[in-house]
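Worksheet: the structure to be examined is printed underneath.
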Amino acid sequence: MSEVFFHIGRYFLLLKKVFSRPERWRIFFVSNIREIENIGIGSIAIVLIISIFMGAVCAIQMAYNLQNPIIPRYLIGLGTREILLLEFSSTIVALILAGKVGSNIASELGTMRITEQIDALEMMGVNSACYLILPKITAFVLFIPILTIFSMAIGLLGGYIASFGIKGLTPEEYLSGITSFFRPFYVTYALIKSVVFAFLIATISSYYGYYTSGGALEVGKSSTHAVVYSSIVVLLFNLILTKLLL
């Protein structure tokens with residue numbers, strides 16, 4: 001238990017160092033743009049591929065579970081939309097990105113630590129935590145709403161494509177379902193969750209990467225810890241945010 005409190009305390013002390021005023025705003029903005037390209041734009045492909053297939057699978061499964069002729073067929077589209085907006089495009093995408101982005105951040109910072117690049121920055125009087133970590137956090141937090149919107153749209157498109165092959169469901173009925181009883185707050189809810197999840201993934205992964213010690217083996221362990229603990233905390237906060245917002 002004492003080790004848990006040690007990591008929690010050191011995590012918040014690291015955040016205090018991270019969220020200090022950047023020494024040079026120009027360098028911060030350049031680093032931020034570079035991280036948006038690496039973390040955000042580099043994640044578009046995997047998000048879109050997974051979303052289109054998951055949207056199709058959700059539509060097929062909804063159709064399978066709503067085979068009763070009494071149930072209106074447009075509910076298949078409605079159910080697919082609710083699944084994507086409420087859970088998949090925020091939580092599941094965040095868990096996927098915890099594996100991709102989180103491991104990338106942890107391994108990058110871990111490699112810099114064991115090769116003493118971070119120590120060199122500290123020797124030059126640079127706040128290494130702010131210089132290296134803050135652009136990653138801001139880039140991920142700023143770009144993840146775009147990924148979430150893309151995931152929603154492509155997921156619904158995947159369901160629409162699947163509707164052509166679902167027996168007893170027409171594409172028109174599917175489109176009627178995804179436009180029926182729409183609640184705009186569900187989109188807001190998904191975006192709020194995605195921003196919180198992005199912050200947690202980026203900071204937890206940075207923590208394990210920044211405090212890596214040893215050699216290449218420890219970099220791999222830090223990357224694994226970053227993915228595992230990021231995923232656990234994302235699921236915990238998913239429960240908390242759902243209870244608070246819905």
Side-chain angles (χ1 to χ4, degrees), residues 40-101 140-201 230-231 233-246:
I41 297 176
S43 301
I44 290 178
I46 187 172
V47 169
L48 297 188
I49 292 171
I50 292 173
S51 296
I52 194 166
F53 283 108
M54 287 302 300
V57 169
C58 287
I60 294 170
Q61 290 182 345
M62 289 297 298
Y64 178 78
N65 286 281
L66 298 176
Q67 291 181 346
N68 193 318
I70 301 176
I71 299 175
R73 303 303 288 168
Y74 77 89
L75 290 180
I76 296 172
L78 190 150
T80 302
R81 184 197 69 199
E82 302 297 79
I83 292 172
L84 291 171
L85 266 60
L86 288 173
E87 201 62 24
F88 176 78
S89 293
S90 55
T91 306
I92 305 303
V93 167
L95 292 174
I96 294 167
L97 293 178
K100 179 184 183 299
V101 176
F140 198 26
V141 168
L142 288 173
F143 203 82
I144 200 166
I146 299 174
L147 293 176
T148 303
I149 295 295
F150 280 169
S151 175
M152 293 175 184
I154 297 299
L156 293 174
L157 175 62
Y160 177 74
I161 295 172
S163 69
F164 286 92
I166 297 176
K167 184 178 180 180
L169 175 68
T170 65
E172 290 74 19
E173 288 174 325
Y174 175 83
L175 292 175
S176 175
I178 66 174
T179 56
S180 299
F181 308 107
F182 175 66
R183 298 182 183 180
F185 177 71
Y186 284 177
V187 177
T188 305
Y189 163 76
L191 294 178
I192 292 172
K193 288 206 304 180
S194 66
V195 168
V196 174
F197 295 159
F199 177 83
L200 293 171
I201 292 169
S230 295
S231 301
V233 175
V234 162
L235 293 174
L236 173 63
F237 272 81
N238 181 42
L239 175 62
I240 295 172
L241 291 173
T242 300
K243 185 68 175 177
L244 292 175
L245 297 176
L246 294 182

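Because the structure is predicted, anything quoted here is derived from the model rather than measured. Residue numbers count from 1 along this sequence.
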Please list all pairs passing the salt bridge (Lys or Arg N to Asp or Glu O under 4.0 Å) test where one or both residues lie in residues 76-99, with sequence neighbours left out. E87-K193

Can you check whether L147's main-chain N or O pairs, donor with acceptor, with S151's side chain at less than 3.5 Å? no

Taking the side chain as every heavy atom from C-beta outward, state whether I50 and V47 have any pair of such atoms under 4.5 Å apart. no

Dump the intermediate steps for side chain to side chain contact (heavy atoms under 4.5 Å, CB included) on V93 and F197, then the final yes or no. CA-CA 10 Å; V93 167; F197 295 159; over 6 Å; no

In the structure I gave you, are the side-chain heavy atoms of I144 and L97 within less than 4.5 Å of one another anywhere? yes

Y189/L85 under side chain to side chain contact (heavy atoms under 4.5 Å, CB included): CA gap, chis, key distance, verdict: CA-CA 8 Å; Y189 163 76; L85 266 60; over 6 Å; no

What are the two closest heavy atoms between P171 and S163, and how far apart are they? CA-OG, 3.6 Å

Can you tell me how far the CG atom of L75 sits from the CZ atom of F181, to the nearest 0.5 Å? 8.0 Å

Of L84, L86, L191, the residue whose pairing with Y186 passes side-chain contact (heavy atoms from CB on, under 4.5 Å): L86

Show the nearest heavy-atom pair for residues A59 and T80, with the distance to one decimal. CA-OG1, 3.4 Å

Can you tell me how far apart CD1 (I49) and CD1 (I96) are? Round to the nearest 0.5 Å. 11.0 Å

How long is the span from the OG1 atom in T91 to the CG atom in L235, to the nearest 0.5 Å? 7.5 Å

Return the minimal non-hydrogen interatomic distance between G168 and E173, and the atom names on each side. O-OE1, 3.7 Å

Side chain R73, main chain T170, donor-acceptor under 3.5 Å: no

Side chains of S51 and F150, heavy atoms from C-beta outward: is any pair under 4.5 Å? no

Residues, nucleotides or ligands: over 12 heavy atoms within 6.0 Å of Y64 OH: no

Start with the C-alpha distance between Y174 and I166, add both sets of side-chain angles, then the distance that settles side chain to side chain contact (heavy atoms under 4.5 Å, CB included), and finish with yes or no. CA-CA 10 Å; Y174 175 83; I166 297 176; over 6 Å; no

Interatomic distance, L169 atom CG to M62 atom CE [nearest 0.5 angstrom]: 11.0 Å

Could you pull out the closest heavy-atom pair between V101 and S43, with the gap in Å? CG2-OG, 3.6 Å

Quick one: pull up NZ in K243 and CG in N238 and give me the separation to the nearest 0.5 Å. 13.5 Å

Taking it one step at a time, do I71 and I76 satisfy side chain to side chain contact (heavy atoms under 4.5 Å, CB included)? CA-CA 10 Å; I71 299 175; I76 296 172; over 6 Å; no

Note: I60 and A162 closest approach over all heavy atoms is CG1-CB, 4.2 Å

Euclidean distance, S89 OG relative to M54 CE, rounded to 0.5 Å: 10.0 Å

For A94 and I201, the nearest pair of non-hydrogen atoms, with its separation, is O-CD1, 3.3 Å

Pick one: which of S176, S180, P72 meets side-chain contact (heavy atoms from CB on, under 4.5 Å) with L78? S180

Taking atom CZ as the centre, does F182 end up with more than 12 heavy-atom neighbours from other residues, nucleotides or ligands that are less than 6.0 angstrom away? yes

